[in-house]
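Everything below concerns the one structure shown next.
The first residue of the sequence shown is numbered 1, and numbering continues consecutively from there. Predicted model, so just to flag it, every value in this text is computed and none were measured.
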Amino acid sequence: MRNGLAGLVAGSALLLSHSLKAQDYVRRAPDLDRLTQELFAEIQSDQVPYEDLYETLLQYYQTPINLNTATREELRGLLLLNENQITTLLKHRQENGDLLSVYELQSIEGYDLRTINRILPFVTVQSSNANRSRGTLWQRIAREDNNALFLRYERVLQQRQGYTPPTIYQGQPTTRYLGSPDKMLIRYRVSHTKDFSLGFSLEKDAGEQFIWNPKNGQFGADYVSAHFVLQERGRLKTLALGDYQLQFGQGLLLSSGLGVGKGAETITTLRRSSLGVRAYSSLLENTFFRGGAATVQVAPTVQATAFVSHKNVDANLQQSQDSLAQFDEFTSGLLYTGFHRTASELANRHQLQETIGGGNATYTSRDGNLAIGATGVFTHYGTALLKRPEPYNRFEFSGKENLALSLNYSYVYRNFLLFGETARSSGGGLGTVNGLLASLGPQVDAALLVRHYDADFHTLYGNAFSENTRNINETGVYLGLKVRPIAQWEISAYYDQFRFPWLRYRASSPTDGHDALVRVAYSPTKTSLLYVQARQRLKPRDLATADLVNIAANRVLPLPGEQLRQSLLVYYNTDVSTALSLRTRMQTSRLRDDTNLAWRSGYALAQDVSYQLNRSLKLTARYSLFDADDYDTRQYVYEQDVLLAVSIPALYGQGTRVYGIAEIRLNRSMTLWLRYAETRYRHQGTIGSGLETIQGSLRNEVKAQLRVKF
């Protein structure tokens, strides 16, 4: 009886799909602001590569996943579907053939309206062999809808100290930026799912020079990136030339792109997806490989990937003063800022040769439920890496070469997904991460993840799940839960207990900590979302000298302080009409460096309004207030920006911040974005520090971007 009803529903949906097939389904642009609120718990650092994450989401929008050909792993990579939903989609495809329309999702078990609305911007439904009927490769490139060139300009209007004339200090001129305060970008890209991707980017940051200097490897803009990727050419599944990114297993050795980690999405973002070779078009200057990579279908169930990369990265090279030292020349670490604005930054530009080679072989069972892979990565630097002789650096990587090997697995049994990866690096350090995702019922999902990374485990391009920014010196257990007790309501929670067995930077003894979050979300309509979120994180850190006198007399020194951060966030988003959208955000946090020390706090209030005047003009504006006691209690608030750009300013002190964006569609080929932002501080005579210092209490930024579609 149940099967009969399911068949009737499916049949009705298919008939509906046939009737709607004549209608041209238009994918709407993704609401990245709202999606960000749903995926990320709380932005607490400007070191997280959010630009890379948004770039990945926009890639999904520009080259949507074809629901008729996507593999289980590709569907997991979207992060918006749980394991049960993926299984039912694959089962539906197997039993009924290709989907005829995205509307058919309504007939598949587990796909409620909220889920469908979330994935609609990132998926499509096409016939399996759509590429064959679209002409030659060059014809397909020329005719592709997302064939577009971006030109962007931005600048801070106030003069910063780095652009003033140098003064004399101890007989020497002070440091100043060598280039202009203008930031410029040119970017071109065209791509199609499982077919091709072609593009390049040129960027000059504020303060950098725009010069032609082949001897130093600079050809105009400071940063130049390009890629060409082909996919699905018989046995050749992927060929990448130029800049590319790699993601295998759980990311212990190779991980780039959409790695969210702990967030408000407590289940689906826990696991990394093994997406293999992918095009790179982000503006981050240090998270990519440069050279070539290829994936080949060795057998129906086995794929093999080989890659090689060579590039020069930023580093401060030093000469050893000890004639008995192991290396005459060394560097204490790689530099990741990507800025080359001053003479000293230019001196470090591209000084260290980095060569990486390796590969991966993966077996996937015919039903896709079991996957086993092996990965090897060999890294060679032209100059040795030697960390400073601090106690917390005792187990850090040193030398020129590192070989790391790993095994990963993934197995689906009914509504349970087991996954993990274990790796070993040169010197014997081990790292392992293993997890379980379970759909305990239609309304309940749960997750468990256990991890351990030795203090001498070295993975130079890894980014598996962790509390630290790197997979080293950490042990932890994560528990996640998501419950949908009734329609429109969702409760998400996680608890993460972690330990650092060895010292860390600013933590002079082994420490323990925890991170916990609870979010209650209510969606009264498909265009409205209200949630309240509470989070607490205990992460010990060394106390400032001035605070040591206030701690208990019997305290063993120098035990790090029990730094505790508590935060509360309320967010409401609603579309009042098809033209008017409102968003309200209230967030506050407080921080205490130790149990006997005083709390410091900060808050931010923000109100957004978006209005679509007509087909050619959309206006967005925000007014916000902030008040934070110091830099440690600063508030990160995501802002809407021009397409493909990210803005998450750190607000501290007291003041207001406003911005406005105008999106103007000039004609069918060209769209112009104009953005103005203003931050006004109270009780401050200067803004910023060092070469970024502004005299006064006002900071204005302007930005313009033109997109030309071909």
Side-chain angles (χ1 to χ4, degrees), residues 41-48 261-263 333 387-396 451-456 465-479 494-518 533-569 587-604 626-636 650-654 689:
E42 180 185 6
I43 299 169
Q44 289 187 338
S45 168
D46 51 7
Q47 302 300 315
V48 180
K262 283 186 285 188
K387 292 285 187 178
R388 292 187 301 165
E390 302 287 349
Y392 61 82
N393 283 333
R394 177 179 175 184
F395 299 103
E396 283 285 354
R451 60 194 187 274
H452 173 78
Y453 312 123
D454 283 346
D456 59 347
F465 185 96
S466 67
E467 169 64 22
N468 268 333
T469 53
R470 296 185 300 141
N471 300 140
I472 186 171
N473 183 34
E474 180 177 334
T475 297
V477 178
Y478 172 98
L479 296 170
Y494 73 69
Y495 179 81
D496 186 37
Q497 178 75 43
F498 47 82
R499 173 174 173 74
F500 307 111
W502 183 244
L503 320 184
R504 295 176 293 122
Y505 176 64
R506 303 186 70 179
S508 54
S509 75
T511 50
D512 297 278
H514 69 257
D515 187 1
L517 174 144
V518 177
Q533 172 184 296
R535 186 183 186 188
Q536 172 171 297
R537 185 167 72 162
L538 173 68
K539 192 172 183 180
R541 196 178 74 171
D542 285 346
L543 292 167
T545 304
D547 292 329
L548 292 176
V549 297
N550 297 318
I551 63 174
N554 59 353
R555 180 75 166 268
V556 178
L557 297 178
L559 195 64
E562 299 289 304
Q563 188 183 81
L564 183 66
R565 180 187 296 272
Q566 297 174 334
S567 60
L568 181 67
L569 171 62
Q587 65 182 58
T588 182
S589 63
R590 64 175 190 168
L591 176 72
R592 185 180 65 188
D593 285 329
D594 198 44
T595 52
N596 296 319
L597 298 178
W599 289 97
R600 294 118 66 198
S601 62
Y603 78 85
F626 60 89
D627 186 344
D629 290 340
D630 53 25
Y631 187 71
D632 287 339
T633 56
R634 63 193 180 278
Q635 301 293 306
Y636 287 99
L651 304 175
Y652 61 96
Q654 294 179 329
S689 60

Arg451/Asp496 salt bridge by N-O under 4.0 Å criterion: yes
SB check Asp512 Arg499 (cutoff 4.0 Å): yes
Can you find a pair of side-chain heavy atoms, one from [X] and one from [Y], that are under 4.5 Å apart?
| X | Y | value |
| --- | --- | --- |
| Ser601 | Asp629 | yes |
| Arg634 | Leu651 | no |
| Arg504 | Arg541 | no |
| Arg565 | Ser589 | yes |
| Leu568 | Gln587 | no |

Arg600 vs Asp593, salt bridge (Lys or Arg N to Asp or Glu O under 4.0 Å): CA-CA, chis, key distance, verdict: CA-CA 9 Å; Arg600 294 118 66 198; Asp593 285 329; 2.6 Å; yes
Nearest heavy atoms of [X] and [Y], plus distance in Å:
| X | Y | result |
| --- | --- | --- |
| Phe500 | Asn473 | CD2-O, 3.3 Å |
| Thr588 | Gly602 | OG1-O, 3.1 Å |
| Leu543 | Leu597 | CD2-CD1, 3.8 Å |
| Gln635 | Ala604 | CB-CB, 4.1 Å |
| Glu474 | Asn468 | OE1-N, 3.1 Å |
| Pro540 | Gly513 | CD-CA, 4.4 Å |

Phe465/Tyr478 aromatic ring centres below 6.0 Å: yes
Asp594 (side chain) donor-acceptor with Glu562 (main chain) under 3.5 angstrom: yes
Residue list, salt bridge (charged side-chain N to carboxylate O under 4.0 Å, His left out) with Glu467, at least two apart or on another chain: Lys262, Arg537, Lys539
Set of residues satisfying salt bridge (charged side-chain N to carboxylate O under 4.0 Å, His left out) with respect to Arg592, sequence neighbours excluded: none
Audit row: Arg590, Thr633, side-chain contact (heavy atoms from CB on, under 4.5 Å) steps and yes/no: CA-CA 7 Å; Arg590 64 175 190 168; Thr633 56; over 6 Å; no
Residue pair Arg394, Tyr392: steps toward the side chain to side chain donor-acceptor pair (under 3.5 Å) verdict: CA-CA 6 Å; Arg394 177 179 175 184; Tyr392 61 82; over 6 Å; no
Trp502 and Phe395 aromatic ring geometry - parallel, tilted or perpendicular at 30°/60° bounds: perpendicular
Once rounded to the nearest 0.5 Å, what's the spacing between atom [atom1] of [X] and atom [atom2] of [Y]?
| X | Y | atom1 | atom2 | result |
| --- | --- | --- | --- | --- |
| Gln563 | Asp542 | CD | CG | 10.5 Å |
| Tyr652 | Asp630 | OH | CG | 10.0 Å |
| Gln533 | Ser567 | CD | OG | 6.5 Å |
| Phe626 | Gln654 | CZ | CD | 9.0 Å |

Flag for Asp515-Tyr494: side-chain donor and acceptor within less than 3.5 Å: yes
